[in-house]
Amino acid sequence: AKTLGHLDRCLGCRHCERVCPAHVEYEKLLTKGLYWLETQAPPKSKILPLSWRTKFLTRVVTHTGLIRSLGKILRFIQVSGLRFIGRISGITYLLGMRSLDKMLPAVPSQAPFKSYYPAKKKSEGNLGLFLGCLSRWCDRQTPDAAIYVLTHLGYDVHVPEGQGCCGAMAYHHGEQELAKKLIKNLANIFTTPKIDTIITTASGCGAMLIESKEHQLDERMTMGPQIEDVCQKILPKMAGLSLKSMNLKVALHTPCTFMNGMKQSSSALQVLKQIPNLQVFPITDKETCCGSAGTYMLEHPKWANELVQKI
C-alpha cells in the first residue's frame, strides 16, 4: 500500500535523476511499474483508480476528432456566457470541475492551420511543427508565433494534417499500447524526407517524442528527424538580429519536462535575454514543480495548488 501510494502521488518531475549519484533512470522504472500494475498486478495491488476527469481527458486528447469537438464546445461555452453562469451558479463546483475551470485559459477563435508556411527569405531547412493536443486550442498564439518567427528566420514550416496526441498522458498512466498507437501515427506523418527537424512548443510533448526513441515505441522515430524545442532552433539565429525593445519585467519558470526531459535548462532564458530592455527574472529554485505534472493537477488538485503557490 505504501508503494502504491508513492507511485500515485509521484509528480514524475525527475529531479531525483539529476541528483542521483548512481544515475538511476527513475522515469523508466516508474512507467514500467505503472504498466505492470495496469496489466499484470493482482486486483489488490492495483494502483488507485484514476478520476473521471483524467479518464475523460485522456480519451478526448488521444482522439483527434474528439479534441476538435471539445475545442469548439469550450469556445461556445466561453462566448455564450455559459462558463460565467456555471461559476456564479455553483454548477461548476457541483460537477467537481472548479479546479479545472480555474486552470483553463480563454479559448480564442480558431482558424485552420495551413499545411505549409514558406520561408520569408532563402530557405535554410524544412521544419515540421508539432501542435500537440490541448495547446492548439488553448494556446493558439504560441504555434502562431512559432510559425511567424521560424519563417522569418528562413525556415519552411510544415504543419502536417492528422497529427494527434504525443501519447504522454497514456504512457505515464501505464497504457503503453495506446501510447504506441499514437506515436505510430506521428511517425507516419513526420518521418518524411521533406522534414529535417520536428519542432515542439510544449516541453511535455517534446520530452515524450524524444524519449519515444529511448522507449522504442516506434523504430522510425528512432531513426527519424531530430526533435527540438522552438527556443533551441531560434537561439543560434538570434545573433546579429535587430530586435524591438520591450520595457517589461518577466518572470521565467522552466518546466521540469524542459530541464529533465528535453535537457534544455537555459535556451528559453537565453532567447529572452536577447530582447533589448526586457528584464528577465528566472525563478531560482529549480527544484520547484508547478504542480501540473501532466494530469497530477486533476488527480491531486490540493497538492498541485500547494506547489504552484510556492512559485
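No experiment lies behind these values; they were computed from the predicted model shown. Count residues from 1 along the sequence.
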Give every residue pair that meets the salt bridge (Lys or Arg N to Asp or Glu O under 4.0 Å) criterion with at least one member in [range], sequence neighbours excluded.
| range | result |
| --- | --- |
| residues 162-172 | none |
| residues 227-247 | Glu124-Lys237, Glu228-Lys233 |
| residues 143-152 | Arg140-Asp144 |

By side-chain contact (heavy atoms from CB on, under 4.5 Å), which residues pair with [X], not counting sequence neighbours?
| X | value |
| --- | --- |
| Ser245 | Pro276, Asn277 |
| Ala202 | Cys205 |
| Pro236 | none |

From [X] atom [atom1] to [Y] atom [atom2], the distance as rounded to the nearest 0.5 Å:
| X | Y | atom1 | atom2 | value |
| --- | --- | --- | --- | --- |
| Thr191 | Leu186 | OG1 | CG | 9.5 Å |
| Ser212 | Tyr171 | OG | OH | 9.5 Å |
| Cys165 | Lys181 | SG | NZ | 12.0 Å |
| Ile195 | Leu129 | CD1 | CG | 10.0 Å |
| Ile210 | Gln264 | CD1 | CD | 8.0 Å |
| Leu131 | Asp139 | CG | CG | 11.0 Å |

Indicate yes or no: at least one non-hydrogen side-chain atom of [X] is less than 4.5 angstrom from one of [Y].
| X | Y | answer |
| --- | --- | --- |
| Thr200 | Met262 | yes |
| His15 | Asn260 | yes |
| Ile147 | Val159 | yes |

Looking at residues at least two apart in the chain, or sitting in another chain, which of them share a side chain to side chain donor-acceptor pair (under 3.5 Å) with [X]?
| X | result |
| --- | --- |
| Glu17 | Arg14 |
| Ser203 | Thr257 |
| Thr197 | none |
| Gln232 | none |

Which pair of heavy atoms, one from [X] and one from [Y], lies closest together, and at what distance?
| X | Y | value |
| --- | --- | --- |
| Pro225 | Phe190 | CG-O, 3.5 Å |
| Ala179 | Gly167 | CB-O, 3.7 Å |
| Ala146 | Thr201 | CB-CG2, 4.0 Å |
| Cys290 | His253 | CB-CE1, 3.7 Å |
| Ile189 | Pro160 | CG2-CB, 3.0 Å |
| Leu278 | Leu272 | CD2-O, 3.6 Å |

One pair to check against side-chain contact (heavy atoms from CB on, under 4.5 Å): Cys166 and Phe130. What are the steps and the verdict? CA-CA 9 Å; Cys166 66; Phe130 177 69; 3.8 Å; yes

Mind running side-chain contact (heavy atoms from CB on, under 4.5 Å) on Val230 and Val149 for me, showing each step along the way? CA-CA 10 Å; Val230 64; Val149 172; over 6 Å; no

Can you list, by chain and residue number, the hydrophobic cluster partners of Leu178 when the side-chain cut-off is 4.5 Å? Leu182

Single-linkage hydrophobic cluster Leu243~Leu248, side-chain heavy atoms < 4.5 angstrom: yes

Listing request: all side chain to side chain donor-acceptor pair (under 3.5 Å) pairs with a residue in residues 153-167, at least two apart in sequence or in separate chains. Tyr116-Asp156, Ser123-Asp156, Asn126-His158

Does the side-chain contact (heavy atoms from CB on, under 4.5 Å) test come out yes or no for Leu150 and Ile234, once each step is laid out? CA-CA 7 Å; Leu150 291 169; Ile234 291 172; 4.3 Å; yes

